[in-house]
Amino acid sequence: MGLLPEDLIKALARVRSVGTITGAGISAESGVPTYRGKGGLYDDPEEGDRTIEALSAPTLARDPDRTWRVISALAQRCLEAKPNAGHYALAEIEAKVERFCLLTQNVDGLHGRAGSKNIIDIHGDRLATACMDCGVEGRLTDPGMIRGTPRCPVCNGRLRPGVVLFGEMLPVEKVARIEREFYAHVPDCVMIVGTTAQFPYIVMPVLAAAQAGKLTIEINPEETDISPAVDFTLRGKAGEFLPAIAAAISTVR
Ligand code: OAD
């Protein structure tokens with residue numbers, strides 16, 4: 001028997017547009033730690049709560065060196081990681097269908113490196129920076145070398161990381177893109193992959209698709225709050241199921 005149920009294979013063959021939502025689980029097979037669960041960044045009994053505190057707006061305002069210590073170490077790990085079969089399968093699906101959008105909570109940049117194009121990185125990018133004084137945007141090339149708070153090459157102001165920290169708003173233009181891609185035109189198929197689905201803006205596009213009678217799929221080794229709402233729950237690794245899904249989707253462009 002194949003990896004996917006026969007009725008899912010049949011449904012995937014009819015799909016013309018795909019929306020995908022990803023979380024840290026898709027990068028677990030690349031060696032990037034997840035946030036929650038065993039071995040996750042917040043799971044560490046010694047450092048978990050301190051990590052959350054370091055990655056917060058009040059800490060950035062009070063003690064940016066502390067925020068940067070955590071960000072620079074995490075950014076260096078992302079640079080060293082490589083995309084896996086799950087990331088590549090999503091880029092393959094994008095190349096096959098008429099319309100594709102990838103809403104990711106991940107800040108590791110692995111989707112872009114695998115070739116995905118229409119990405120909404122709602123929580124930002126660990127290698128991105130913005131000056132807290134003049135606003136100029138930039139990118140880190142060697143995060144492992146950062147000591148203290150890096151300085152702006154234009155005005156010498158202090159840089160901030162280009163990620164959404166605890167206590168910060170989501171970027172308005174990215175929220176507007178979610179609206180266009182997932183609500184104004186609900187995709188034929190919406191997949192949710194490797195996330196504990198903690199936030200309403202992650203859960204709602206799946207519920208909107210289910211309500212519109214579209215195909216909904218979850219890929220996760222564990223049960224999550226969204227599991228009861230989807231048509232198919234695929235219990236296992238993204239790197240195993242996504243290539244099978246990519247193979248089942250027809251080329252329509
Ligand atoms: P979590 O760490 O909460 O959840 C990771 C999920 O991936 C879990 O449900 C795992 O069961 C699943 N998983 C593990 N290995 C997997 C694999 N090989 N294939 C598929 N799934 C697998 O990560 P997120 O849900 O992404 O926000 O966390 C959401 C947000 O919370 C993050 O973006 C971050 C965090 O606070 C910010 O930093 C703003």
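A quick note: this is a predicted structure, and the numbers were derived from the prediction, not measured. In each ligand, atom 1 is the first atom listed, and ligand 1 is the first ligand listed.
- The shortest N/O to N/O separation between G23 and ligand 1 does not fall below 3.5 Å.
- Taking all heavy atoms of A238, P221, P33, G239 into account, the minimum distance to atom 22 (C) of ligand 1 is reached by P221.
- Taking only nitrogen or oxygen atoms, main chain and side chain alike, T224 does not reach within less than 3.5 Å of ligand 1.
- For the pair Q198 and ligand 1, no heavy-atom separation below 4.0 Å is found.
- Taking 4.0 Å as the cut-off, V164 counts as a neighbour of ligand 1 on heavy-atom distance.
- For ligand 1, the polar-atom distance check against N220 finds a nitrogen or oxygen pair separated by under 3.5 Å.
- For F199, the closest heavy-atom approach to ligand 1 falls below 4.0 Å.
- Checking side-chain atoms of R160 against main-chain N and O of A61 turns up no donor-acceptor pair under 3.5 Å.
- Note on ligand 1: G40 sits outside its first shell, no heavy atom being nearer than 4.0 Å.
- The side chain of H123, and not its backbone, has at least one atom closer than 4.0 Å to an atom of ligand 1 (non-hydrogen atoms only; side chain from C-beta on).
- Among protein heavy atoms, atom 5 (C) of ligand 1 sits closest to G194 O, 3.7 Å.
- Under 4.0 angstrom from ligand 1, the non-hydrogen atoms of A28 all belong to its side chain.
- In this structure, a donor-acceptor pair under 3.5 Å is present between the side chains of T22 and H111.
- Between the side chain of E29 and the backbone N or O of A85 there is no donor-acceptor pair closer than 3.5 Å.
- With respect to atom 38 (O) of ligand 1, the closest heavy atom belonging to the protein is Y42 OH, 4.1 Å.
- If you check the side chains of T216 and D231, you find a donor sitting under 3.5 Å from an acceptor.
- Looking at I52, T195, I226, I192 and measuring to atom 24 (P) of ligand 1, the nearest heavy atom belongs to T195.
- Remark: minimum distance from atom 32 (C) of ligand 1 to any protein heavy atom is reached at Y35 CE1, 3.4 Å.
- Considering backbone and side-chain atoms alike, A24 places an N or O below 3.5 Å from some N or O of ligand 1.
- Here the protein heavy atom with the shortest distance to atom 3 (O) of ligand 1 is T196 OG1, 2.5 Å.
- Using a cutoff of 4.0 Å between basic side-chain nitrogens and carboxylate oxygens, R77 and D108 are not scored as salt-bridged.
- By the criterion of a heavy-atom distance under 4.0 Å, both the backbone and the side chain of Q105 are placed next to ligand 1.
- Under the 4.0 Å criterion applied to side-chain N and carboxylate O atoms, E53 and R50 are not assigned as salt-bridge partners.
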